Amino acid sequence: MTEATNNEQLFEYVVRIADNALVTGQRLGEWVGHGPELEEDLALANFALDYIGQARALYTYAGEIEGAGRSEDDLAFLRDSHEFRNVLLVEQPNGDFAQTIARQFLFEAYYLRLLDALASSNDERLAAIAARAVKEIRYHLRHTRQWVIRLGDGTGESQRRMQDAIDRLWQYTGEMCTADDIDSWAAESGIGPVPESLRDDWNAFVDDALSEATLARPGNEWMASGGKEGRHTEHHGYLLAEMQFLQRAYPNSTW
Amino acid sequence: MNAAEAQTVATEEQIRADLADLRDPEIPILTLDDLGIIRWVRATEDGVTVGVAPTYTGCPATEVIEASVLERLRQRGYPNPATERVLAPPWTTDWISETGRAKLKDYGIAPPAASGSKRALFGAPAVTVRCPRCDSGKTTRVSEFGSTPCKASYKCDDCLEPFEYFKCI
């Protein structure tokens with residue numbers, strides 16, 4: 001294999017992780033000023049900041065791998081929906097607070113395990129970024145897990161909302177731990193884990209929280225996919241429209 | 001600076017001393033030294049580079065800190081000043097100096113109460129966060145989050161003072 005194709009694959013792999021972080025950060029940022037209470041407003045804003053920081057570090061690295069002079073901003077603001085490689089789960093709308101928490105919980109249960117594995121990647125830069133990020137996501141996940149339990153094992157109303165949220169998002173959880181060619185390449189090259197190797201642990205962690213929250217694990221086995229290839233749900237376009245508007249309307253504007 | 005001076009390579013101690021009073025923009029009571037984020041200093045005939053560790057990946061203070069280091073290096077006339085972001089090993093609150101911890105407490109922010117190890121982070125052993133005003137150990141966590149990524153919100157059950165806690169990471 002030539003170095004050029006290796007670079008293409010590594011670029012693709014790093015961009016995926018970055019896109020997950022950016023899209024999550026953008027979604028969480030939508031909560032600022034709208035949190036159900038001040039503490040949660042601060043928490044979600046803090047989460048968003050961590051994710052955007054992670055996205056920046058990863059895009060900067062991706063731009064260097066590509067070697068075409070694209071900056072973190074170019075990658076974030078000047079690509080269209082079909083060029084984004086985030087999983088479908090993270091682009092799902094915030095909905096009510098329960099749906100946001102459910103989305104964060106289901107994603108972070110995976111993301112934490114991915115980062116943990118990436119921290120020992122043989123790609124040094126990726127390992128360094130992951131080792132930093134894993135500490136942040138561990139803190140997030142502790143918080144979101146507590147909320148899943150508090151709402152699930154709460155009032156009739158909060159339980160209904162949390163169960164609805166888990167049921168609605170469940171179909172988007174299969175993609176994370178399912179390898180495609182790029183994931184397999186990364187695993188063979190010692191850059192990332194085999195996604196399926198994270199699944200048992202993800203299942204155990206999620207089941208444990210759901211049972212403590214007196215919530216039912218959804219029975220549907222059919223899983224949506226396509227995010228890693230750039231086939232997104234319609235929500236993705238609206239998210240980009242808001243996030244990218246300024247750079248699209250006023251190219252190269254800075255402030 | 002004249003040519004003769006420029007040829008002398010500054011020592012790490014000199015450069016560190018020149019940076020000693022630079023402060024964290026968000027918690028200005030702490031110097032960069034107190035935080036332990038100046039990881040290394042590299043001085044050669046070609047220039048001076050300072051390695052700075054970000055506290056949190058998304059901390060907006062990182063860029064301000066890097067800019068302040070660059071500005072100081074320029075002011076002191078060092079050749080080709082530069083900063084480098086040091087990601088590995090990741091910054092931990094364990095690197096905050098004893099002086100830094102004392103300053104935090106005086107400032108009204110409870111310093112990190114345990115090591116930033118995985119165990120402490122998962123909250124396995126319950127750490128006692130002491131009120132920075134009255135030193136009481138009877139405190140309640142109001143929120144795991146606060147005004148900056150590095151802090152959580154607490155209140156003291158004895159003196160009733162609300163305060164911030166510099167969380168372990």
Side-chain angles (χ1 to χ4, degrees), chain A residues 18 21-22 24-25 28-29 31-32 35-61 72 112 115-116 118-121 123-147 205, chain B residues 26 37 39 51-66 83-95 112 114-127 140-155 162 164-169:
Chain A
L22 180 67
T24 304
L28 291 173
W31 272 104
V32 173
E37 56 184 24
L38 180 61
E39 286 76 14
E40 283 317 301
D41 209 279
L42 288 173
L44 295 170
N46 270 285
F47 288 176
L49 198 58
D50 286 341
Y51 275 109
I52 289 168
Q54 292 164 16
R56 292 185 60 182
L58 290 161
Y59 283 137
T60 300
Y61 182 37
E72 47 171 301
L112 179 68
L115 290 172
D116 230 351
L118 288 176
S120 48
S121 168
D123 183 296
E124 275 178 31
R125 181 85 163 266
L126 203 50
I129 296 170
R132 167 73 278 164
V134 79
K135 292 178 161 203
E136 296 161 357
I137 299 304
R138 191 175 286 123
Y139 205 83
H140 296 194
L141 185 57
R142 194 172 91 194
H143 188 72
T144 46
R145 184 183 185 278
Q146 278 170 356
W147 269 111
F205 182 84
Chain B
E26 283 180 339
I37 60 175
R39 302 312 300 161
V52 183
T55 53
Y56 282 70
T57 318
C59 186
T62 307
E63 283 168 32
V64 181
I65 290 170
E66 287 169 350
T83 59
E84 199 173 302
R85 212 168 277 191
V86 184
L87 290 176
W91 180 82
T92 156
T93 39
D94 296 350
W95 294 352
S115 157
S117 71
K118 284 186 184 181
R119 214 168 125 71
L121 212 60
F122 270 118
V127 295
T140 306
R141 187 174 65 206
V142 178
S143 170
E144 292 195 272
F145 302 89
S147 59
T148 64
C150 55
K151 285 179 285 179
S153 310
Y154 274 71
K155 69 173 182 202
E164 289 194 299
Y165 166 59
F166 206 111
K167 61 203 188 193
C168 298
I169 191 166

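This is a predicted model, so every value here is computed, not measured. Note that these values count all heavy atoms, side chains included, but never hydrogens, waters or copies made by symmetry. Note on naming: letters A, B, ... go to the chains in the order of the sequence lines (proteins, then strands), and numbering restarts at 1 for each one.
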_Stepwise salt bridge (Lys or Arg N to Asp or Glu O under 4.0 Å) check, A:Glu39 with B:Arg141_ = CA-CA 11 Å; A:Glu39 286 76 14; B:Arg141 187 174 65 206; over 6 Å; no
*Test A:His140 against A:Asn46 for side chain to side chain contact (heavy atoms under 4.5 Å, CB included), laying out the working first.*
CA-CA 9 Å; A:His140 296 194; A:Asn46 270 285; over 6 Å; no
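Contact annotation for B:Pro54: only backbone heavy atoms (N, CA, C, O) come within less than 4.5 Å of a heavy atom of chain A. Both the backbone and the side chain of B:Val142 have a heavy atom closer than 4.5 Å to some heavy atom of chain A. With a 4.5 Å cut-off on non-hydrogen atoms, A:Leu49 touches chain B through its backbone and its side chain both. For A:Arg56, the part lying near chain B is the side chain, with the backbone staying farther off; criterion is any non-hydrogen pair under 4.5 Å. Proximity to chain B is limited to the side chain of A:Phe47, based on heavy atoms less than 4.5 angstrom apart. If you measure heavy-atom distances from B:Thr148 to chain A, the contacts under 4.5 Å come from the backbone alone.
Considering only residues two or more places apart in sequence or on other chains, B:Thr55 meets the side-chain contact (heavy atoms from CB on, under 4.5 Å) condition with B:Ile37, B:Cys59, B:Trp91. Checked against side-chain contact (heavy atoms from CB on, under 4.5 Å), A:Asp41 has the following partners two or more places apart in sequence or in another chain: A:Val32.
In terms of heavy-atom pairs under 4.5 Å with chain A, the best-connected choice from B:Pro90, B:Ser143, B:Ser153, B:Ser147 is B:Pro90.
Nearest heavy-atom pair across A:Glu37 and A:Trp147 is OE2-CZ2, 4.2 Å.
Taking the six-membered ring for Trp, A:Tyr139 and B:Tyr56 have ring centres at least 6.0 Å apart.
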